[in-house]
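Only one structure is covered here, and it is reproduced in the block below.
To find a chain, count down the sequence lines: A is the first, B the second, and so on, and within it residues start at 1.
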Number of protein chains: 2
Amino acid sequence: MDTTPDLKTYDLDADELRLMQMMKALGHPARLQIFRYLRDNPQCITGDLVEVLPLAQATVSQHLKVLRDAGLVCGTIEGPATCYCLSADNVAWFAARVGDWFRHAG
Amino acid sequence: MDTTPDLKTYDLDADELRLMQMMKALGHPARLQIFRYLRDNPQCITGDLVEVLPLAQATVSQHLKVLRDAGLVCGTIEGPATCYCLSADNVAWFAARVGDWFRHAG
DNA sequence: TCGCTATATCGTTATTTTACGATAAAACGC
DNA sequence: GCGTTTTATCGTAAAATAACGATATAGCGA
C-alpha cells in the first residue's frame, strides 16, 4: 500500500523562498529607506541611518538585522562602529530573479 | 520666523510606496504561490487556487484582495465565479522598476 | 421563484511584527 | 583599567497580519 501522505505539493522551492524573504524584507517603508540610503551612500554606519530615519536606534538596528538575514545587506565592524553596505551579489541575484520571474508574466 | 516644522524629509515618493506595497504583497508564501499559479495558469478562478493551496477559501480570498489592492492581479466576474489574472501592465512596471532600483546598486 | 454554486466579506482569535527603553558588548583614547 | 562611543540584544507593549468559520451576495439553471 501507499504510505506516502497525501500532501499538497504546490510548494515554493529554495530560490523562491529566498526571493520571498527578500521581498518581505523590502516590503516595509523603513527598510526600503535604509536600502535606498545604502544604495546612495555606500559604507555608512548605523548612526548615519539613525540620524536620517524617524526611529529609535534599537528599531533601526532591528530593521538592519532583517535586511542582513535576507542577505541584502552586510555589516563589518569598523572600530567601535559597524559599517554597512549592500550585498552586491545578492542584490544582483534579486534583481535578476525578479526579471526572470515577472518580466514575461504579464 | 520660520514656521515650518523641523520634519525629517527622508521619505519615499509615490512610486517607491507603490513598489513597497507590491513587494510586501509578494512577501508571503501563499501570495507568491498564487502569483506563480496565475503566471502559469492564466484565467483561472478562485476555486482552482483554493484547491491547490492548503488554506481555507476565506483565507485565499483575503490574499487575493491583498494582491488586488497592490495592483498585481485583477479579477473579473465570470458567471457565478471570478476569473483572475495578472495585471500585465503593473507587473511589467514592477519588474522594470526593480531593475532600475536594484540592478545598478551593488 | 427556488435552490445551487462560487466568492467576497464579517467577526474573531492566534500569531507575528513593530517599536521602544534599558541593558549588554566591544573598541578606542586617556 | 576606566570612561566614552557605538551598536546589538533583551524584554515588553501596541499594532498589524493571518487564519478560520459563518454569513452575505450574486449569477445561473430548473
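- Between B:Lys24 and D:dA16 there is no side-chain polar atom (N or O) within less than 4.0 angstrom of OP1 or OP2.
- Among the protein residues, A:Ala56 comes within range of the sugar-phosphate backbone only, with heavy atoms under 4.0 Å from sugar or phosphate atoms but none that close to a base.
- Geometric assessment of B:Arg68 against the ring of B:Tyr84 yields a negative cation-pi assignment under the 6.0 Å and 45° thresholds.
- One finds a side-chain N or O of B:Thr59 lying less than 4.0 angstrom from the OP1 or OP2 phosphate oxygen of D:dC20.
- Residue B:His63 places none of its side-chain N or O atoms closer than 4.0 Å to OP1 or OP2 of D:dT17.
- Within the structure, every side-chain polar atom (N or O) of A:His28 is placed at least 4.0 Å from both OP1 and OP2 of D:dA15.
- What separates CD of B:Gln62 from C1' of C:dT13 is a distance of 13 Å, to the nearest Å.
- Taking each heavy atom of B:Gln57 and B:Val50 in turn, the nearest pair found is CA-CG2, 4.0 Å.
- The nearest pair of heavy atoms linking B:Val66 to B:Ala25 is CG1-CB, 4.0 Å.
- Contact of B:Gln57 with C:dA6 (side chain to base): no donor-acceptor pair of N or O atoms is detected under 3.5 Å.
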- [ ] Take B:Met23 and B:Phe94 through the side-chain contact (heavy atoms from CB on, under 4.5 Å) test and state the conclusion after the steps.
- [x] CA-CA 9 Å; B:Met23 289 197 287; B:Phe94 174 73; 3.6 Å; yes
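- Rounded to an integer number of Å, the gap from B:Arg31 CZ to D:dT17 P is 9 Å.
- Distance CE (B:Met20) to P (D:dA16): 13 Å, rounded to an integer number of Å.
- Within residues 67-75 of chain A, no residue has any heavy atom closer than 4.0 Å to DNA chain C.
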Open item on the list: Go through it in stages, so that I can follow the logic: the residues are B:Leu72 and A:Phe102, the test is side-chain contact (heavy atoms from CB on, under 4.5 Å), and I'd like the CA-CA distance, side-chain angles, deciding distance and then a yes or no.
Closed with: CA-CA 11 Å; B:Leu72 291 165; A:Phe102 300 90; over 6 Å; no
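- Remark: side-chain polar atoms of A:Glu51 are not paired, donor with acceptor, to backbone N or O of A:Asp48 under 3.5 angstrom.
- Rounded to whole Å, atom C1' of D:dA19 lies 13 Å from atom CD1 of B:Ile34.
- Going from atom CG of B:Asp48 over to atom C1' of C:dT7 covers 13 Å, rounded to whole Å.
- Distance, B:Leu55 CG to C:dT15 P: 16 Å, rounded to whole Å.
- Using cut-offs of 30° and 60° for the angle between ring planes, the A:Phe35 and B:Trp101 rings count as parallel.
- Side-chain heavy atoms closer than 4.5 Å link hydrophobic residues (I, L, V, M, F, W, Y) into clusters, and following such links, possibly through other members, connects A:Val52 to A:Val73.
- Within residues 76-83 of chain A, the residues approaching DNA chain C are A:Gly79, by heavy-atom distance under 4.0 Å.
- The two residues B:Val60 and B:Leu53 make their nearest non-hydrogen contact at CG2-CD1, 4.1 Å.
- The shortest distance between the side-chain N/O atoms of B:Tyr84 and the OP1/OP2 oxygens of C:dA8 is below 4.0 Å.
- Using a 4.0 Å cut-off, some side-chain N or O of B:Thr46 falls inside it from OP1 or OP2 of C:dT7.
- Atom CD of B:Gln21 and atom P of D:dT17 are 11 Å apart (whole Å).
- The distance from atom CD of B:Glu51 to atom C1' of C:dA6 is 13 Å, rounded to the nearest whole Å.
- More than 12 heavy atoms of other shown residues, nucleotides or ligands fall within 6.0 angstrom of atom CG in B:Leu17.
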